[in-house]
Amino acid sequence: MTAAVQAAPGPAPAGPAGAPAVETAASLVQSVDWLAVAPPLVVAVLALAVLVADLFLAERHKPLLGYATVAGLVVALAALVPLWGDNRSTFCVAADGPGGARACSYTADDFALVIQALVLAGALLTALLSLDDTRKLPAGEFWFLLLSSASGAALLPASRDLITLVVALEVASLPAFALVGIKRGDRRSSEAALKFFLSSVTATAVMLLGVSFVYAATGTTHLTELSHALDDVPARFTTLAGTGVALTLVGFAFKTAAAPFHFWVPDTYVGAPLPIAAYLSVVGKAVGFSGLILVTAVAFPGYSDVWGPALAVLAALTMTAGNVAALRQDPARSRSAVRLLAWSSVGQAGYLLVPVAAGAYTDDLQAGSTVAYALMYAVVNLGAFAVAALVARTSPGNRLTDYRNLYARSPLTALALAFFLLCLAGLPPGIIGLFAKVTVFRSAVDAGLGWLAVVMAVNVVIALAYYLRWTALLFRGTEAAPSPAEAAPAPVVAEARDAAAPAPLVAALVLTAAAALVLSGAPQIVLRFAGGTLF
C-alpha cells in the first residue's frame, strides 16, 4: 500500500450538483502506509493491550504481562525487516517547493530504521532486565509506561515535521517520569522523578517557544520545507527566525543532557530502578540525538554558522564535565557504581555531539559517525547496567567497592563487565569502542576542529583513569584479611545468589556480551551499517 496524500486539485470539472465537492473531499483522504508505521504502532497497540489486560489478570498471572511485552517488542523489531532499503513516507501534503515535491510528516528511511532498531532493542533488553524487578513494582503500570515511552521513541526518528517531532519526544518522555518514580514510598525515587520532570518540562517549554517562532517566521513546520523557507525569511522576521532556531536547539540540548543542562542525570539514574536508568542512558540518548540530527541536518542547515560553533562548545563542555565528575566518584559511597555510569553517560554524550557539530563545517553531514557511536554505546552500556543489576542482587548498595574481587565470586560476570568497561574506554580488546572513538575523532579533524579533537583526546585519557580503576577493582583481592567468622560464608552466599540469577537477566547479559564481542571482531559491521544512513 503506498503512502500518499493527494493534493486537492484545482476546480473540478462540471458535473452533477455536489460532485466537485465530493471529488475534492475524496482527494483529501490520506492513504496510510501501515507497513511504514508498523514498528511504533505495534508497540503502542501492545501498550494499550497490556493496560487493559492488567485489569482482568489475577495477581499470580501478572508476570505474563512482562513476557507479552518481550514478545511484542520482538515483533516490532521484526517489522523493521521488510522496510530496510525501501524509503517509504506517509502523512504527506503537497509542498510549496519546486517540482511539486511532497512534504511528509513520517518517513521510514534508513536513518529512521537504524534508530528505531536501536530504540526497540534497547527497550527489549530493558524489559529482560525488568522481568524480575517488577515483582516488587506495579507490573501493569510498569509495562504500560515502558511500552508507551518506547512507542514515542520509535516514532521520533521517522518524524519529519516539528509538531510530530515534539509530540513524539513528549510521548517518549512523559511515561519516563512515572517510571523513574514508580518505586512508591522511596524518597530517592520520588526526588529523582521530580528533578527529571522539572528539567524536562523546562526543555519542552523552551523548545515549543522556539518552534512557535520558527513557524511564525516561515509558515511551515515540515523539516524539508523549513530548510528552504529559512533561506527566504523576510528581513523583518530574521531575528525571530534566528531566535527560534536557537531556542529549539537549546531544548534538544536539555534532552541530550548536554552541559550545562545535565545536572538532573546522576540523581535521576540513582533514584530510578536500575533497568530504567539503563533505558534512559541508551534510549533517552537515542531520542535526543536523533531529534537533534534531524533539526540541524534537515531543517536548519542554513543556520550552520550558528549551531555549529554552539554544538562544538557544548560537546567540549559536556565531555569534560561528565568525565571529571566520574573521575571524582567516591568508591565507598552508596550507589557510586550507578552514579559513575551516569556521569560516564554525560561524557559519552559529549563525544556523540562532536560529529553533529562537525557537520556544520563540511559538506558531509557526519551524522553517520554519531549513529555508529550510539550503536556501540548502546550495546556496551546496557551490558554494564545488566552486570550492575546482577551485582545489586547480593549488594543492594551498588558501591564500587562491592565489585572488589568480583572475579573470585563470579568470573564470567567480572570478565563481561571488564570487557564492557574497556569498550567504553576504547581499549583493546574492546575494538568496537576504539573504532567508534577514532571515527568521531576523525570527524572533528576532517571538519577543521583541531581544538575540539584535542579536548576529546584529553577527555579520553581522563576517562581511561576511572574505567581502568573500576576494571582493576574486579580482580583485586580484599584490602585486609577478614576474620575467620567473616571469611567462610560470604563467597558461598554470593555464589549461591549469583547462581539463582533470573534467566531473563542472564539472557540480557549474554546478548549484550555476544553483540559486543561480535562487533569488536568485525567493527566494520557497525561502521558500514551506520555510514550510509543519512538522507
Side-chain angles (χ1 to χ4, degrees), residues 39-52 54 69 72-73 76 106 115-116 119-120 122-123 126-127 130 134 137-159 161-184 186 189-212 248 250-257 261-262 264-265 267-269 271-273 275-292 294:
L41 184 62
V42 167
V43 181
V45 170
L46 180 61
L48 293 175
V50 165
L51 183 64
V52 173
D54 182 53
T69 297
L73 288 169
Y106 187 99
I115 302 298
Q116 285 179 337
V119 164
L120 295 174
T126 301
S130 305
T134 50
L137 300 172
E141 296 170 28
F142 181 90
W143 296 119
F144 168 72
L145 291 168
L146 179 63
L147 288 168
S148 299
S149 179
S151 67
L155 172 63
L156 188 139
S159 303
D161 73 67
L162 290 176
I163 295 173
T164 310
L165 205 61
V166 171
V167 169
L169 194 59
E170 292 312 298
V171 172
S173 300
L174 289 173
F177 306 150
L179 285 170
V180 169
I182 202 168
K183 293 192 286 187
R184 296 169 182 169
D186 188 322
S189 179
S190 301
E191 180 183 341
L194 180 62
K195 288 181 179 179
F196 186 25
F197 172 75
L198 292 175
S199 64
S200 190
V201 164
T202 303
T204 302
V206 171
M207 189 186 309
L208 285 174
L209 184 61
V211 168
S212 66
T248 303
V250 167
F252 276 105
F254 267 100
K255 297 295 186 181
T256 57
F261 316 115
H262 65 290
W264 58 272
V265 173
D267 288 340
T268 299
Y269 284 24
I276 299 307
Y279 177 83
L280 292 175
S281 73
V282 170
V283 176
K285 264 190 183 48
V287 166
F289 276 97
S290 56
L292 187 63
L294 287 172

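We're numbering straight along the sequence, starting at 1.
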Shortest non-hydrogen separation from [X] to [Y] and the atoms involved:
X: Glu141; Y: Asp54; answer: N-OD2, 4.5 Å
X: Ala172; Y: Ala153; answer: CB-N, 3.6 Å
X: Val180; Y: Pro273; answer: O-CD, 3.9 Å
X: Val43; Y: Ala76; answer: CG2-CB, 3.7 Å
X: Ala257; Y: Val265; answer: CB-CG2, 3.5 Å
X: Ala154; Y: Gln116; answer: O-NE2, 2.7 Å

Q: Walk me through it: do Thr202 and Phe261 pass the test side-chain contact (heavy atoms from CB on, under 4.5 Å)?
A: CA-CA 10 Å; Thr202 303; Phe261 316 115; over 6 Å; no
Q.
Going by the rule side-chain contact (heavy atoms from CB on, under 4.5 Å), which residues pair with Ala47 if we only count those two or more places apart in sequence or in a different chain?
A. Phe144, Leu147, Ser148
Q. With Phe177, which residues qualify under side-chain contact (heavy atoms from CB on, under 4.5 Å), at least two apart?
A. Ser173, Leu174, Phe196, Phe197, Ser200
Q. Within the side chain of Ser149, is there an N or O that forms a donor-acceptor pair under 3.5 Å with the backbone of Leu145?
A.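 Not confirmed, Ser149 side chain does not pair with Leu145 backbone.
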**Q.** With Val287, the side chain to side chain contact (heavy atoms under 4.5 Å, CB included) member among Thr256, Val171, Leu156
**A.** Leu156
If you measure from [atom1] on [X] to [atom2] on [Y], what distance do you get to the nearest 0.5 Å?
X: Leu194; Y: Ser199; atom1: CG; atom2: OG; value: 9.5 Å
X: Glu170; Y: Leu208; atom1: CD; atom2: CG; value: 7.0 Å
X: Thr204; Y: Leu209; atom1: OG1; atom2: CG; value: 12.5 Å
X: Thr164; Y: Leu169; atom1: OG1; atom2: CG; value: 12.0 Å
X: Leu162; Y: Leu294; atom1: CG; atom2: CG; value: 10.0 Å
X: Leu280; Y: Ile276; atom1: CG; atom2: CD1; value: 7.0 Å

Q: With the side chain counted from C-beta on, respond yes when Tyr106 and Leu155 share a heavy-atom pair under 4.5 Å apart, and no when they do not.
A: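 With C-beta onward as the side chain, the pair touches.
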Q: Answer whether the closest heavy-atom distance between the side chains of Pro138 and Ile182 falls below 4.5 Å.
A: yes
Q.
Can you see whether Ser130 engages Tyr279 through a side-chain donor-acceptor pair at a distance of less than 3.5 angstrom?
A.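 Note: Ser130 and Tyr279 side chains miss the donor-acceptor criterion.
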Q: Mark yes when over 12 heavy atoms from residues, nucleotides or ligands other than Ile163 sit less than 6.0 Å from its CD1; otherwise mark no.
A: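 Result for CD1/Ile163: open.
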